[in-house]
Amino acid sequence: MVDLAELLSRRALDVAPQLLGVVFAHRSPEGVVAVRITEVEAYSGDGSDPAAHTHRGPTPRNKVMFGPPGTLYVYFSYGMHWCANVVCSPHGSGEAVLLRAGEVVDGIEVARRRRPAARRDVDLARGPARLTRALAITGADNGRNLLDPRCTMHLSPRAPVLEKSQVRTGPRVGISKAVDLPWRFWLDVEPTVSESRKPRV
DNA sequence: CCTTTGATCATCT
DNA sequence: GATGATCAAAGGT
């Protein structure tokens, strides 16, 4: 429905729900793995979001988050995991959307090999670090731009039309500041989003 | 189903 | 020196 470059030219809070249903594909020597995004979180760079990595200004780690829209911001978490964000607009504002979960829609055999601990296929990319592992995203990919046609990773150029009732919102996960802001978005009736993380309304 | 705990280290204070 | 945008295994209910 919406052109990708145009979509990413908006604020993270607007971009986040519109990334739901978009397919993230990564081709590598092992083959292509593609994931349909089912859960995201917005991190705002306007100073209103103390949970954002950019809240205290640029550092060596977060500098790519201040880059142009479409940049992939990948950071190392809890001493062993990678998590991936898509940088939003305006350029330099430090806004991004964290990719939290998805459904593997292509390359499932490769994804299973990368995620041997997953007991069920819905667990392959359920969780931000599981998603990066299924897609083989690491710190080496930090700073790549998804809008660059030469990039081995890309988002499907058009987002699907979603029923408004399909998009749910709630608090973000795993943070200690701004815990009440409802800036997490996910697709309802989604087995790739943990039931315990779907607050009742 | 749920809760607890260990793993493991870059980053920032 | 403490924290953290996490995960998986283990044990309890």
Side-chain angles (χ1 to χ4, degrees), chain A residues 11-17 19-20 22 24 33 35 37-67 71-88 93-104 111-144 146 168-187 190-200:
Chain A
R11 313 293 305 237
L13 208 44
D14 295 323
V15 173
L19 282 179
L20 296 173
V22 170
F24 188 116
V33 172
V35 159
I37 298 168
T38 57
E39 182 186 10
V40 296
E41 284 175 358
Y43 286 88
S44 175
D46 66 3
S48 68
D49 185 7
H53 284 177
T54 49
H55 186 245
R56 291 177 185 273
T59 69
R61 175 177 71 159
N62 69 21
K63 68 178 179 194
V64 314
M65 203 169 145
F66 290 96
T71 300
L72 202 63
Y73 166 51
V74 183
Y75 70 93
F76 193 51
S77 181
Y78 289 96
M80 64 195 89
H81 303 302
W82 299 104
C83 294
N85 298 253
V86 179
V87 174
C88 299
S93 61
E95 305 236 343
V97 174
L98 172 68
L99 305 180
R100 280 201 59 89
E103 171 198 8
V104 176
R112 285 174 184 152
R113 235 177 290 139
R114 292 173 178 163
R115 290 267 304 117
R119 311 184 104 268
R120 311 170 301 162
D121 286 344
V122 290
D123 294 323
L124 287 171
R126 184 175 76 164
R130 294 164 166 181
L131 180 145
T132 57
R133 183 161 284 284
L135 287 168
I137 294 171
T138 71
D141 302 304
N142 189 39
R144 297 221 156 105
L146 302 173
R168 308 293 305 278
T169 77
R172 295 174 293 183
V173 173
I175 56 174
S176 61
K177 296 167 186 169
V179 293
D180 293 327
L181 293 176
W183 289 356
R184 183 165 58 103
F185 303 85
W186 68 92
L187 291 178
E190 231 338 298
T192 61
V193 177
S194 169
E195 288 296 331
S196 64
R197 286 176 177 161
K198 293 174 181 172
R200 299 199 58 78

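The basis for the numbers below is simple: all heavy atoms, side chains too, and nothing from hydrogens, waters or symmetry mates. Letters A, B, ... are given to chains in the order of the sequence lines, protein chains preceding strands, and every chain is numbered from 1. Fair warning: this is a prediction, and the values are worked out from it, not measured in the lab.
- For the pair A/H81 NE2 and B/dG6 C1', the computed distance is 11 Å after rounding to whole Å.
- Across the protein-nucleic acid pair, A/R120 atom CZ and C/dA8 atom P stand 12 Å apart, rounded to whole Å.
- Rounded to whole angstrom, the span from the NE2 atom of A/H53 across to the P atom of C/dT3 amounts to 16 Å.
- Other residues, nucleotides and ligands place more than 12 heavy atoms under 6.0 Å from the CZ atom of A/R114.
- Looking at A/R184, its side chain does come within 3.5 Å of a backbone N or O of A/P171 through a donor-acceptor pair.
- Nearest to the side chain of A/A117, among C/dA5, B/dC12, C/dA9, sits C/dA9.
- Judged purely by atom type and a 3.5 angstrom limit, A/D141 uses its side chain to pair as donor or acceptor with the backbone of A/T138.
- Here A/R119 lies out of heavy-atom contact (under 4.0 Å) with every strand.
- Computed from coordinates, the A/W183 CH2 to C/dA5 P distance equals 15 Å when rounded to whole Å.
- Distance CH2 (A/W82) to P (B/dT11): 8 Å, rounded to an integer number of Å.
- Using a 4.0 Å heavy-atom distance criterion, A/R172 is classed as making no nucleic acid contact.
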In dot-bracket form, how is DNA chain B paired, counting a Watson-Crick or G-U wobble pair only if both its distances are under 3.5 Å and using | for bases paired to another strand?
|||||||.||||.

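- Residue contacts for A/A51: at a heavy-atom cut-off of 4.0 Å it reaches a base atom on one of the strands shown.
- Of the candidates A/R112, A/R126, A/R130, A/R112 is the only one forming a salt bridge (charged side-chain N to carboxylate O under 4.0 Å, His left out) with A/D121.
- Here A/S77 does not reach the OP1 or OP2 of B/dA10: none of its side-chain N or O atoms lies under 4.0 Å away.
- For A/M80 and B/dC9, the CE to C1' distance is 8 Å, given to the nearest whole Å.
- Distance CD1 (A/I137) to P (C/dT6): 16 Å, rounded to an integer number of Å.
- Not counting sequence neighbours, the partners of A/Y75 by the ring pair (Phe, Tyr, Trp, His ring centres under 6.0 Å) test are A/H53, A/Y73.
- OP1 or OP2 of C/dA8 has not a single side-chain nitrogen or oxygen of A/R126 nearer than 4.0 Å.
- A salt bridge is absent between A/E41 and A/R172; no separation between the charged side-chain nitrogens and carboxylate oxygens falls under 4.0 Å.
- DNA chain C is contacted by both A/S176 and A/R130; A/S176 maps to the nucleotide lying nearer its 5′ end (nearest heavy atom per residue).
- Contact check on A/R120 versus A/D123 returns a salt bridge, with a Lys/Arg side-chain nitrogen under 4.0 Å from an Asp/Glu carboxylate oxygen.
- The aromatic ring of A/Y78 is not stacked on the base of B/dA7, since the criterion of ring centres less than 5.5 Å apart with planes inclined by under 30° is not met.
- For the OP1/OP2 pair of C/dT6 and a distance below 4.0 Å, the side-chain nitrogens and oxygens of A/R100 include at least one atom meeting the criterion.
- Ranking B/dT13, C/dC7, B/dT11 by closeness to the A/R61 side chain, first place goes to B/dT11.
- Straight-line distance from the NZ atom of A/K177 to the P atom of B/dT13: 9 Å, rounded to whole Å.
- Distances shorter than 4.0 Å separate none of the side-chain N or O atoms of A/R115 from OP1 or OP2 on C/dC7.
- Remark: the backbone N or O of A/G57 is not paired with any side-chain donor or acceptor of A/T54 at under 3.5 angstrom.
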